[in-house]
Amino acid sequence: MNTRILEEAIERAALEAITRSVIYIPPDVKEALKRIYSEEESESSRSQIGAILRNIELAERMKRPVCQDTGILLYYVRVGYEFPSIKIIEKSLVNAAKVATKTIPLRPNTVNPLTGRNPGDNTGRYMPYINIEFIDGDILEFTVVPKGGGSEYVSVLYMPPPGEGVKAIKRAVVDAVLRAGPMPCPPTIVGVGIGGGADIALHIAKKAACLRRLGSPNPAPELDKLERELYVALNELGIGAMGVGGRFTVLAVHIDYAYRHPAILPIGIVFQCWAVRRATAVVEPNGSYKVFQ
Amino acid sequence: MTVFHLRTPLQVEDVRKLRVSDVIYLSGIIVTARDAAHRRMIEHLRNGRPIPVDLNGGVIYHCGPVVERVDNEWIVISGGPTTSARMELYEADIIRHFGVRLIIGKGGMGAKTAQACREFGAIYATFTGGAGVLAANAIRRVVKAEWLDLGIPEALWILEVENFGPLLVTIDTTGRNLTEEVIEMAKNRRDEILKKLEAI
Ligand code: SF4
């Protein structure tokens, strides 16, 4: 297999994944939005969910980004130990980000945090963000998540005294949603990461919010139960779509955990707005690929 | 909830009869303005200099549009709202001095703006956050762009719209502020919810 051909295949797959992700809301999310539209009783909130659904339809029809904030690009990569070339992955993914910025187009969002300099192509130090894990086999799989600023703005880390245990987790989640109010464009998916360290808690919270499909059960039964409990509790706050009052403030709560140091209980909370952007590509060693949501 | 179809320029009587939770579909002229444009409007006001748009009976939209220039014409590709809270610093003065009747944005605004709405006869309406294509679809044409030196998202975009909406009224002229009421209510429910969760 010629590396050059494989490189081009990865770039094409990434470009297609970015394009799909910013135009089409994944089917699980669309379904959840339709469900709450039919179940919402507040007319104010319903007007907002209705507008969201019309917007999603228009974006599909006109092939335009569903939200003007096309975010910063995050890649979650899983690569097989036997995949022919690891070296070419990063370069191809970065190139795809540059090309996508021009062709779709994406809003050039990445800026230097201190000087404000904007390279104009959604790249920069650590950008696009590429997270790589190794897996068995010979395929390359990655999910691209263009993450908007509004929902990231209200994401938080709590470090309660560890003795407070699950009570602290529940309080942290309720307070984060309360404090976020209308800012993250509710209805949102609330990602919660428990344990690890400060960085690990936020990392797994973000993956839980942005990557996990709606409707998929949590493999840990006690966390599945906690997710359902929190889902009901958060929606009892009554904040509603866009904060105009209603039964649905969150679409789901997704929790993940890591083993922790006994002296700390980090709780990372990351919000994903209704405009969930994600698409996954699988690239075979021969350069054939498929993209799905 | 009543649905209104309004056309600019808006009269003070038009907006005084609107109430929280009413829905507007708006046709006519709207002007986008974000932080930098608001700041400059206030500076011009202080220095006694005119601004390049007539906002009397007018509409301000908190939005930094994504635009494209095709054959010498600007086209808005996407134009969802930005968070209005950042404009709280300026909006009351702008309502008072320029005769703005309708502010559109997302996330609602604070007590100072609500007070100015009541006093001078203006309202605030939410347009759905993230609904950039829906907004762009209601824009018939870009009439003009002013203050382009502020950068594309921060410039004043004067847009002709048709049936732009749904715009949900969340601040009316009676002093009601729906978003604040909703958040206040949520805060009041917090302890009871945490008790049910056995978290306090
Ligand atoms: S929070 Fe999400 S939906 Fe709202 S403007 Fe940002 S990216 Fe778009």
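Quick note on labels: first sequence line is chain A, next is B, and so on, each numbered from 1.
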* To do: To the nearest 0.5 Å, tell me how far A/Cys67 SG sits from B/Leu134 CG.
  => 12.0 Å
* Going by heavy atoms in the side chains, are B/Thr128 and A/Asn55 under 4.5 Å from each other? -> no
* Asked: Should B/Asn137 and A/Arg54 count as side-chain neighbours, where that means a heavy-atom distance under 4.5 Å?
  -> no
* Checking B/Leu194 against chain A: side chain, backbone, both or neither under 4.5 Å from a heavy atom? -> side chain
* **Proximal component of B/Ala136, with respect to chain A [non-hydrogen, under 4.5 Å]** => side chain
* **Residues, nucleotides or ligands: over 12 heavy atoms within 6.0 Å of A/Arg228 CZ** => no
* Asked: Is there a side-chain contact between A/Glu236 and B/Lys196, using heavy atoms and a 4.5 Å cut-off?
  -> yes
* To do: Would you check if B/Pro65 and A/Gln68 make a side-chain contact, meaning some heavy-atom pair closer than 4.5 Å?
  => no
* So what's closer than 4.5 Å to chain A heavy atoms on B/Glu68: side chain, backbone, both or neither? -> side chain
* Asked: Under 6.0 Å from the CZ atom of B/Arg69, do we count more than 12 heavy atoms belonging to anything else shown?
  -> yes
* Using non-hydrogen atoms only, which part of A/Val177 is less than 4.5 Å away from chain B: side chain, backbone, both, or neither? -> neither
* Are any side-chain N or O atoms of A/Trp274 and backbone N or O atoms of B/Gly130, one a donor and one an acceptor, separated by less than 3.5 Å? -> no
* Give a yes or no on this: more than 12 heavy atoms of other residues, nucleotides or ligands lie within 6.0 Å of atom CD of B/Glu192. => no
* Asked: Hey, which of A/Gly246, A/Cys185, A/Ala168 has the most heavy atom pairs under 4.5 Å with chain B?
  -> A/Cys185
* Asked: Does NZ belonging to A/Lys30 count more than 12 external heavy atoms closer than 6.0 Å?
  -> no
* Asked: Non-hydrogen atoms of chain B under 4.5 Å away: do they reach the side chain of A/Pro105, the backbone, both or neither?
  -> side chain
* To do: Test side chain to side chain contact (heavy atoms under 4.5 Å, CB included) on B/Ile200 and A/Arg171 and set out the steps.
  => CA-CA 8 Å; B/Ile200 47 173; A/Arg171 276 204 305 272; 3.8 Å; yes
* Structure fact -> Among B/Met185, B/Glu181, B/Arg189, the residue with the most heavy-atom pairs under 4.5 Å to chain A is B/Arg189
* Side-chain heavy-atom pair B/Ile77, A/Arg64 within 4.5 angstrom cut-off -> yes
* Do you know the tightest heavy-atom contact between A/Met242 and B/Gly129? -> SD-N, 3.4 Å
* Among B/Thr82, B/Val23, B/Leu197, B/Thr83, who wins on heavy-atom pairs under 4.5 Å with chain A? -> B/Leu197
* Asked: Does CD in A/Glu222 sit with more than 12 non-hydrogen atoms of other residues, nucleotides or ligands closer than 6.0 Å?
  -> yes
* Asked: Can you say whether B/Val3 sits under 4.5 Å from chain A via the side chain, the backbone, both, or neither, judging by heavy atoms?
  -> neither
* Structure fact -> With chain B, the option among A/Ile169, A/Leu234, A/Asp175 that has the most non-hydrogen atom pairs under 4.5 Å is A/Asp175
* List the steps and the verdict of side chain to side chain contact (heavy atoms under 4.5 Å, CB included) for A/Leu237 and B/Lys187. => CA-CA 8 Å; A/Leu237 287 169; B/Lys187 279 186 188 151; over 6 Å; no
* Asked: chain B: which of A/Val66, A/Val232, A/Leu230, A/Val166 shares the most heavy-atom pairs with it under 4.5 Å?
  -> A/Val66
* Asked: Between A/Gly243 and B/Thr179, which heavy-atom pair has the shortest distance, and what is it?
  -> O-CG2, 3.7 Å
* **Heavy-atom proximity to chain B below 4.5 Å, by part of A/Ala51** => both
* Asked: If you look at every heavy atom in B/Val182 and A/Gly238, which pair is closest and at what distance?
  -> CG1-O, 3.7 Å
* Under 4.5 Å from a heavy atom of chain B, the part of A/Val244 involved -> both
* Asked: Would the number of heavy atoms belonging to other residues, nucleotides or ligands and lying under 6.0 Å from CZ of B/Arg7 be above 12?
  -> no
* Which value, rounded to the nearest 0.5 Å, describes the distance between B/Asp22 atom CG and A/Ser47 atom OG? -> 11.0 Å
* Structure fact -> Greatest number of non-hydrogen atom pairs under 4.5 angstrom with chain A, of B/Ser78, B/Ser21, B/Ala199, falls to B/Ala199
* To do: Could you tell me which portion of B/Thr170 (side chain, backbone, both or neither) has an atom closer than 4.5 angstrom to a non-hydrogen atom of chain A?
  => side chain
* Asked: Below 4.5 Å, heavy atoms only, C-beta onward: do A/Gln48 and B/Lys106 meet side chain to side chain?
  -> no
* A/Tyr257 atom OH: more than 12 heavy-atom contacts under 6.0 Å -> no
* Asked: Less than 4.5 Å apart, any side-chain heavy atom of B/Val133 and any of A/Ile56?
  -> no
* To do: For A/Glu39, look at atom CD and say whether over 12 heavy atoms of other residues, nucleotides or ligands are found less than 6.0 Å away.
  => yes
* To do: State, with a plain yes or no, whether a side-chain heavy atom of A/Pro182 is found less than 4.5 Å away from one of B/Ile183.
  => yes
